[in-house]
Amino acid sequence: MSPEKFLIIDGNSLVHRAFHAIPPLSTSDGTVTNAVYGFTNMLFKVLRELEPTYIAVAFDKGKITFRHATYTDYKAKRKATPPELRSQFPLLKEVLHHMRICTLELENFEADDIIGTLAGFADGKGIESIVLTGDRDALQLVSPRVRVLLTKKGITEMEEYDEGRVWDRYGVSPPQIIDIKGLMGDTSDNIPGVPGIGEKTALKLIQEYGTIENVIAEANKLPTRWRNKIIEHRDLAQLSKKLATIDRRVPLNMDMEQFKWPGPDYPALLDIFSKLEFKTLVHNIINKAGLEDNKNGQDELKTYCAKYRRVSSEEKLSQIRSNCIASGMVALDLSGTREAGINYAALSISPVGTTYLLPVKEQVAALDLVADICSDPRVKVICADGKEVLWLLHRHNRTLRNLDFDAQLAAYLLNPSMSQNSLADLALQYLQLVLPTGGEAATAARVDTLWQLKQLLQQKLVETGMDRLYYEVELPLVTVLADMEMEGVAVDPQILCNMAEETGRQIEGLVLEIYRLAGEEFNINSPKQLGDILFNKMGLPVIKKTKTGFSTDASVLEELAPNHAIVDKILAYRQLAKLKSTYIDGLFGLINPTSGRIHTTFHQDVTATGRLSSSNPNLQNIPIRLEEGRRIRKVFVPHRPGNLILTADYSQIELRILAHMSGDANLIGAFKKGQDIHTRTAAEVFNVPMEQVTPEMRSRAKAVNFGIVYGISDYGLSRDIKVPRAEAGKYIRSYFERYSGVKEFIDRKISEAREKGYTTTLLNRRRYLPDIVSRNRVTRAFGERTAINTPIQGSAADIIKLAMVRIHGELKRRHMATKMILQVHDELIFDVPPDELTEVKKLVREYMENALHLDVPLVVDLKLGPNWYDVRKVP
DNA sequence: GCGATGCA
DNA sequence: TGCATCGC
């Protein structure tokens, strides 16, 4: 028998989470229900997983709490609850009532305090509590008998914190969470904290001194930059700590019996769910409660609960192996990490057969089985995230040969604007199944849903005409990207070190100079403090404001530069600080100690346009525009001495695509003649012969071309080239007069998007544009620009992806040692041994230029050098 | 226009 | 969370 458990829920926090995580949802009579729906789904999931004996849901009540009496500005900046959310509270309470769950609220107390008090009460009775909330502050309640379940991004996923987890994550004990918050403050509650101290500093100080009181007492031992702040604001720090502390002595009449959960009142729940039009929940209840379905018996809902068999006998393993080979297709899901390797493998051989759970970590034979199946060309593998499977297998020196379906990738193609594409989200969205989290059952459930997802998503890919894009471009690209990530990019740590030192020195000099000119020390990185110095203290004219105060962005500072010498220093400081923190120190920390290389992660399912993105580090935004930053590229070197870095970039690919898609004779002609496209545009827009185009004219025309491609407005163009909006508008009109085919293309794409609800690329990639029918003028204009921009940018992504798949295949086929190591949107970067150079140059150019046949030529520029900085154009 | 990162 | 800055 399991011990008694007390589930305590922060109603307010979770309702807000649900409200923001679930897209707008309303019944046919217009009642908004998304927060109730999200909350209820989450509740059911937690109930199933925890099976609590007691439950309570706490809500805030009243506007004035003891915190306001202590600090009048408490929560002063919090926005009022929007009416669409406010109206859902009574509905939720009705649902909870029928769930027979006890709700608690007390005038002038926050849900937090009620929760703290309840947990303490249960603790006194020896009962274990689990606090479910979205508020990190609750971590202060964690103790041997109190755990906190924190919602992660979205609402279906949660993370459990016990004392050990708090230590792992923050390096402090749960009560010290309060001290941290006291130092760093909290903008959402308007808790001030100590100005200039953020999370990192707060953690460091509390880890070292234990409490705010000790930090204050030992302040004179601290480095100057913190000492003065702490001493000056010590009262504020102690006040903040008080505000952040959960009051565990709320006067409540408590009796565990009142929280005992007898289970839901199903008939009543059925009523209210029908009223709220929660169709799937109604079905769930009908199934669960065994009530009669009032329509027909066929609507039976599949349950999330998977049947699975734990396999460990060698005999059974070998039987599974032959079954896999005989069937030719398996669904596979691996649990584990890239560092520690595979923990479990869940494997299912047919959509209706048994799911096997293989303890890979414990048993070598199980790993062998999984690895053999994955490398067997006769067995197709279906999974949720193919690149992750490849990485996990790579950790065991194995690979995945025959990736047949990647569910997350398919879902991304079907709607690239959806940010939640985890398997759990897909199961909920497409199959109306709530997947359990954690444990064996979860792993098994994931594999089961894969079969159903494949069936459904594949059909949708065919219906939307994206099956070829999927099977011929995106799916093969998974393996290509995995190879690129694993190969990595070599860096020269010595050069990086030298740069860190030199830049550090320059920054120090600038900081001193800035302090001298300002007459005091302050945090230059804080736009708030900087604004205070510049505009309040020094009285410089305010050019622009942000929601929270003065704007201090580069365009503002450039305008202010003539007024005071400090401004140029700040600009230079910003540039160098960015360089050092992001590109020098940042890169350093990401060098893999084993390989000595940097292994970025490419994301294939993130951008709305179809481009790739890169993170940890982002190698797609390494500086190039300004010389100071560009030098960073010197640290990226070939994999072995003597090898070379080859870069291959598409010249003006977006404008060429625009020429092709629009069929504009003028634009096509310019490219066919091989003219400089910006000069040609200038000649057209300013109505002069090409020979008479001045650099000024060319640069403006370039901005116009840029604007067309990125879909910016006349407002954006006027800002970029610093001319009045009317003049920018004039350029755009003049452009459309000369390139009337482009104008027609734009109009065509907009009306097509309005009609169909989506826009498409050359390879039929889709992006839905609900904004294009908005009644709001600004929103609609945004949708219209996207309808132009996405086909252009997305088609460029299509083309380079196609080239990548083919080049990668060809390098492998020819058993070449050349490696494709990076992609930067319109550019591919290779590590090339000298003896392969001639062949690679030819191959790369050939495959990139002929990736897709357009009405204008695709032109590729090749550059070669000993590192990514010193590359020179080659014929 | 988009996406990633670092900082307070 | 918002701001600022880098790339394409």
Side-chain angles (χ1 to χ4, degrees), chain A residues 20 77-79 183-190 192-202 229 416-417 419 522-531 544-557 570-571 573-587 589-590 600-603 606-626 628-630 632-633 649-650 652-654 706-713 715-717 720 767 781-790 792-794 796-797 800 822-827:
Chain A
H20 291 108
K77 283 188 185 154
R78 181 155 298 187
K79 277 184 223 136
L183 281 182
M184 65 182 275
D186 181 338
T187 23
S188 72
D189 289 348
N190 208 28
V194 176
I197 297 220
E199 188 182 347
K200 284 186 182 177
T201 317
K229 287 174 193 158
S417 308
S419 54
F522 65 102
N523 187 341
I524 313 171
N525 286 325
S526 160
K528 194 162 151 270
Q529 293 182 39
L530 179 62
K544 213 168 32 168
K545 299 207 86 176
T546 66
K547 276 177 237 162
T548 46
F550 308 112
S551 168
T552 64
D553 69 26
S555 72
V556 168
L557 294 185
I570 292 168
L571 277 167
Y573 169 86
R574 279 244 178 103
Q575 195 197 344
L576 291 178
K578 168 92 183 174
L579 220 56
K580 183 153 194 307
S581 70
T582 307
Y583 298 109
I584 301 177
D585 301 347
L587 281 183
L590 287 162
T600 185
T601 302
F602 288 107
H603 304 274
V606 168
T607 71
T609 55
R611 278 183 172 180
L612 298 177
S613 74
S614 147
S615 65
N616 284 309
N618 181 354
L619 289 181
Q620 295 182 316
N621 70 346
I622 301 298
I624 186 165
R625 253 187 57 243
L626 299 170
E628 296 90 323
R630 189 175 190 146
I632 295 286
R633 295 180 173 229
D649 69 284
Y650 280 114
Q652 305 295 348
I653 188 166
E654 278 105 351
F706 191 78
I708 303 263
V709 167
Y710 287 139
I712 62 174
S713 53
Y715 170 76
L717 181 64
D720 284 355
R767 176 177 181 180
F782 172 66
E784 290 173 356
R785 289 200 297 276
T786 316
I788 319 305
N789 167 241
T790 298
I792 299 174
Q793 243 188 60
I800 196 163
L822 289 177
Q823 188 251 43
V824 189
H825 306 309
D826 64 354
E827 175 183 20

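Here is the naming used below: chain letters follow the sequence lines, and residue numbers restart at 1 for every chain. Side chains are part of it too, since the values below use all heavy atoms of this structure and drop only hydrogens, waters and symmetry mates.
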*Are L822(A) and F602(A) close enough that some pair of their side-chain heavy atoms sits under 4.5 Å apart?*
yes

_A side-chain contact here means heavy atoms from C-beta on lying under 4.5 Å apart; do R574(A) and L557(A) qualify?_
yes

*Name the nucleic acid region contacted by A608(A), choosing base, sugar-phosphate or nothing; use a 4.0 angstrom heavy-atom cut-off, strictly under.*
sugar-phosphate

_Check: T607(A) side chain, G610(A) main-chain N or O, donor-acceptor pair, under 3.5 Å_ = yes

_For N616(A), is there any backbone N or O sitting under 3.5 Å from a side-chain donor or acceptor partner on T601(A)?_
no

*asked:* Nearest whole Å is fine: how far is dG6(B) P from N523(A) CG?
replied: 17 Å

*asked:* Tell me the interatomic distance from N525(A), atom CG, to dT5(B), atom C1', rounded to whole angstroms.
replied: 13 Å

_Side-chain N,O (S613(A)) to OP1/OP2 (dA4(B)) below 4.0 Å_ = yes

*Can you tell me how far C1' of dC7(B) sits from CD of Q529(A), to the nearest Å?*
12 Å

*For atom CE of M184(A) and atom C1' of dC7(B), their distance in whole Å*: 11 Å

*At under 4.0 Å between heavy atoms, what does V709(A) touch on the DNA or RNA strands: base, sugar-phosphate, or nothing?*
nothing

*Name the nucleic acid region contacted by T790(A), choosing base, sugar-phosphate or nothing; use a 4.0 angstrom heavy-atom cut-off, strictly under.*
nothing

*Where along nucleotides 3-8 of chain C does protein come under 4.0 Å, by heavy atom, of base (B) or sugar-phosphate alone (S), with - for untouched nucleotides?*
SSBBSB

*What is the distance from atom OH of Y573(A) to atom CG of L530(A), rounded to the nearest 0.5 Å?*
10.0 Å

*Scan T609(A) against the nucleic acid and name what it touches under 4.0 Å (heavy atoms): base, sugar-phosphate only, or nothing.*
nothing

*What nucleotide, of dG3(B), dA8(B), dG6(B), holds the atom closest to the side chain of S581(A)?*
dG6(B)

*Measure the spacing between OG1 of T552(A) and CG of L571(A) and express it to the nearest 0.5 Å.*
9.5 Å

